[in-house]
Protein chains: 2
Amino acid sequence: MLTLSSRGQLMPSSPIRKLVPFAEGAKKRGTKVYHLNIGQPDIETPEPILDAVRHSDFKILEYSHSAGNESYRRKLVQYYKKHAIEVTHNQIIVTTGGSEAILFGFMSCLNPGDEVIIPEPFYANYNGFAVAAGINVVPVTSYIDKDFALPPISAFEALVTPKTKAILICNPNNPTGYLYSREEMETLKQIVLKHNLYLFSDEAYREFCYGGENVSAMHLPGIEEHVILMDTISKRYSACGGRIGALVTKNQQVLDTVMKFAQARLSPPSFAQILGEAAVDLPDNYFDATKAEYLKRRDVLVKRLNDMPGVTCPNPRGAFYAIARLPIDDADVFCQWLLESFSYNGQTLMLAPASGFYGTPGLGKNEVRLAYVLNVNDLNSAMDCLQQALKEYPGRK
Amino acid sequence: MLTLSSRGQLMPSSPIRKLVPFAEGAKKRGTKVYHLNIGQPDIETPEPILDAVRHSDFKILEYSHSAGNESYRRKLVQYYKKHAIEVTHNQIIVTTGGSEAILFGFMSCLNPGDEVIIPEPFYANYNGFAVAAGINVVPVTSYIDKDFALPPISAFEALVTPKTKAILICNPNNPTGYLYSREEMETLKQIVLKHNLYLFSDEAYREFCYGGENVSAMHLPGIEEHVILMDTISKRYSACGGRIGALVTKNQQVLDTVMKFAQARLSPPSFAQILGEAAVDLPDNYFDATKAEYLKRRDVLVKRLNDMPGVTCPNPRGAFYAIARLPIDDADVFCQWLLESFSYNGQTLMLAPASGFYGTPGLGKNEVRLAYVLNVNDLNSAMDCLQQALKEYPGRK
């Protein structure tokens, strides 16, 4: 018998994957399924940036530089400058999605057995990259009753061990939509300095802030060597399939090390670098319409949720996710029941049980994540379904 | 002081990278540099497949399925069928280049500390993926005086330990151009069965065989569960920048495990999947012209090399690389000298020292790898340079 690796067996399945067959079953029965479970935006990719690819006229689809095309990296310097992030093109390594930036960061900075502290609930795939790198995720809990604010310094300090090498934040946050305040970022800075940690900052949703100031980890003076920015164009320009991201840092040793991983895999995808480069030239008001749309959706979603008896949903100030607490016994069971046993006017909805976003077993059991990637009409119809479902669900509490 | 990971420090630099500043220096001095050091083909990417991307008309650049678009995987089934490889679309996981297929294979099948035996000289980036996965490459030497034939069974058996989990071959071979015979493949099958090993088979250059039969690892009955095919469209269609490859196996456990790694990174690049899908519909004679061109180049290169006094170059029967032994003290020194201190009619050439392709320290010291990715005229000019250089080089032996 051939054996699999231990990490292969430890590798988590997508927390939503087990629900997919039930969604397919519902569709086969003729039930319309509203997908609030995924982070694939329905916003159209801006035509000018798709056209940049479609009108490209090179003859050979060549490897790019392992760090990404220099022209693209120089363009990204301009992009970051608009966000008051001052970096040179040599401090940017273009990656295959934000995913690869996370993996390269883990691989370069942490040894197997080392620990990274992550406020939970967190993006579930961090677990996957941690398993691939052999490192341990140590969750520090943020609470729905506190709107998922950054846990206090004492909660972090209680978790720091000699194995702790980094803190990872996602800001604005997936899955909570929370936007860290300047004070919270200053708190992180203190912890990072005191314990000599890396600060990994996943800022995939930078543009999608509603009413609050977006403080990048790159805005914190005095921890330049500690900060590793993990970025992606996926959500920013509705370009998830491009698989283009970036790792940005002022730490030269880290850059040199990440570069070796980047060289081993040769180069990031060429087509989507063209798209990413064109995206920096989109008019500054490009995000206005998209943000206005998301804001409208958020307002509808959050109001509809909080109007349902027993439901709590903090108002997210960023990204396009919200976590809601439902008056139910078990969100995994409920989400499956929605697809398997429920419909309302021939419709139902698919949600992501929040348990998959917590590192601490047992947490998030009555919470779900909702991605507001549907238009307001569809969102309202989905909320009609949820409202009715909560009345009918046998496991209501 | 922030620390880097041990694997980050172990991670090898590209063996050619240290020569790049010298090549840039030569160009700044006005010397023309013939690049025989890289595997970037100069063959144009077929226009119909670039057009497939350029004429695409989707509105949202979405994530694809984590295993790749089903339509592409079904098309790949047809592609493999033409090569007498019978697989279903569920036995194919589309990867981000062949690179990711190698990494996923290592990650899924081997534990840190486990060993993979690879005939040396071998593709240098295997080292990088091995370091990333924490596994050990155990080289089994093939010799230039034996045309880089597969080492005998006894040489493999001498290296098998309880930690040995796999053998990795590249066929046709980069960097030697060697094409394994049916007898050699049968030998591998015996070793794999006897010691219960995986057989990783990198078949990136499948189409580029000159006069010999290409026996895929997937053609060997009785070891279906052992074989993991690592593939890529990079060289096949001159589409290196697309970053599309595939991991193919009939081992369901491996597929399930690899799929979890694939889900964590969400999806392979979407644009180049369109290109890859269109490529399967290229006329069957598409490779004829490309192969004829490579064959012509190989013949020129090998003849020119062997005509030089003291130079040995076995005739490669596949891929587009050759390894030559030169009458010199040290290929690393020689390759740098070519760029730094030599020119002939205002021209020089860049070669890859072969030492970077050997796992055993000290081997390949007087060998270089040449990629015949230049047209015959340029190749001849490069050989003129080399011939002259070998006369002038102070470290000649």
Side-chain angles (χ1 to χ4, degrees), chain A residues 2 4-9 11-14 17 40 42-45 50 53-56 59-64 96-97 99-100 107-112 125 128-129 132 134 196 198 225-226 238-243 251 253-254 257 260-261 263-272 275, chain B residues 2 4-9 11-14 17 40 42-45 50 53-56 59-64 96-97 99-100 107-112 125 128-129 132 134 196 198 225-226 238-243 251 253-254 257 260-261 263-272 275:
Chain A
L2 287 156
L4 298 168
S5 69
S6 304
R7 73 188 138 212
Q9 291 166 289
M11 194 74 184
S13 289
S14 155
R17 193 186 182 197
Q40 169 62 58
D42 66 330
I43 305 284
E44 289 188 5
T45 314
L50 286 174
V53 175
R54 289 170 179 156
H55 299 163
S56 62
K59 297 285 186 193
I60 306 180
L61 182 59
E62 292 184 333
Y63 290 120
S64 72
T96 306
S99 300
E100 195 180 59
M107 283 273 183
S108 298
C109 300
L110 280 78
N111 282 320
N125 285 327
F129 301 120
N196 199 29
Y198 287 104
E225 294 283 308
H226 298 252
S238 232
C240 300
R243 312 312 300 128
N251 184 317
Q253 279 198 313
V254 171
T257 306
K260 294 192 283 180
F261 288 91
Q263 287 179 333
R265 62 71 163 125
L266 303 169
S267 70
S270 292
F271 281 120
L275 179 140
Chain B
L2 288 156
L4 298 168
S5 68
S6 304
R7 74 187 137 213
Q9 292 167 288
M11 193 76 184
S13 290
S14 155
R17 194 187 181 199
Q40 169 62 57
D42 65 331
I43 305 286
E44 289 189 2
T45 314
L50 286 173
V53 174
R54 288 169 179 158
H55 298 163
S56 63
K59 296 284 184 195
I60 306 179
L61 182 58
E62 292 183 333
Y63 291 121
S64 72
T96 306
S99 301
E100 194 181 59
M107 284 274 183
S108 297
C109 300
L110 280 77
N111 282 321
N125 284 326
F129 302 120
N196 199 31
Y198 287 105
E225 293 284 308
H226 299 252
S238 230
C240 300
R243 312 313 298 129
N251 184 317
Q253 278 197 315
V254 171
T257 305
K260 293 191 286 181
F261 287 90
Q263 287 179 333
R265 63 71 164 125
L266 303 168
S267 70
S270 292
F271 281 120
L275 179 140

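Chain naming here is simple, since letters A, B, ... match the order of the sequence lines and numbering starts at 1 in each. What you see is a predicted model; the values in this text were computed from it and never measured.
- Within the 4.5 angstrom heavy-atom criterion, atoms from both the backbone and the side chain of His226(B) approach chain A.
- Distance alone, capped at 3.5 Å, places no donor-acceptor pair between the Glu62(B) side chain and the Gln40(A) backbone.
- Contact annotation for Ser267(B): both backbone and side-chain heavy atoms come within less than 4.5 Å of a heavy atom of chain A.
- With rounding to the nearest 0.5 angstrom, the OH atom of Tyr198(A) is 4.5 Å from the CG atom of Leu4(B).
- Partners of Asn111(A) by side-chain hydrogen bond (donor to acceptor under 3.5 Å, both in side chains), not counting sequence neighbours, listed by chain and number: Ser6(B).
- Between the Ser5(B) side chain and the Met107(A) main chain, a donor and an acceptor come within less than 3.5 Å of each other.
- For the pair Arg265(A) (side chain) and Gly97(B) (backbone), a donor-acceptor distance under 3.5 Å is absent.
- Both the backbone and the side chain of Thr45(B) have a heavy atom closer than 4.5 Å to some heavy atom of chain A.
- Both the backbone and the side chain of Arg54(B) come within contact range of chain A, judged by heavy atoms closer than 4.5 Å.
- In this structure, the portion of Leu275(B) lying under 4.5 Å from any heavy atom of chain A is its side chain and not its backbone.
- Ala264(B) and Gly128(A) get closest at one heavy-atom pair: CB-CA, 4.3 Å.
- With a 4.5 angstrom heavy-atom cutoff, Glu100(B) does not touch chain A via any of its atoms.
- Counting heavy-atom pairs under 4.5 Å between each of Pro112(B), Ser14(B), Gly242(B), Ser56(B) and chain A puts Ser56(B) at the top.
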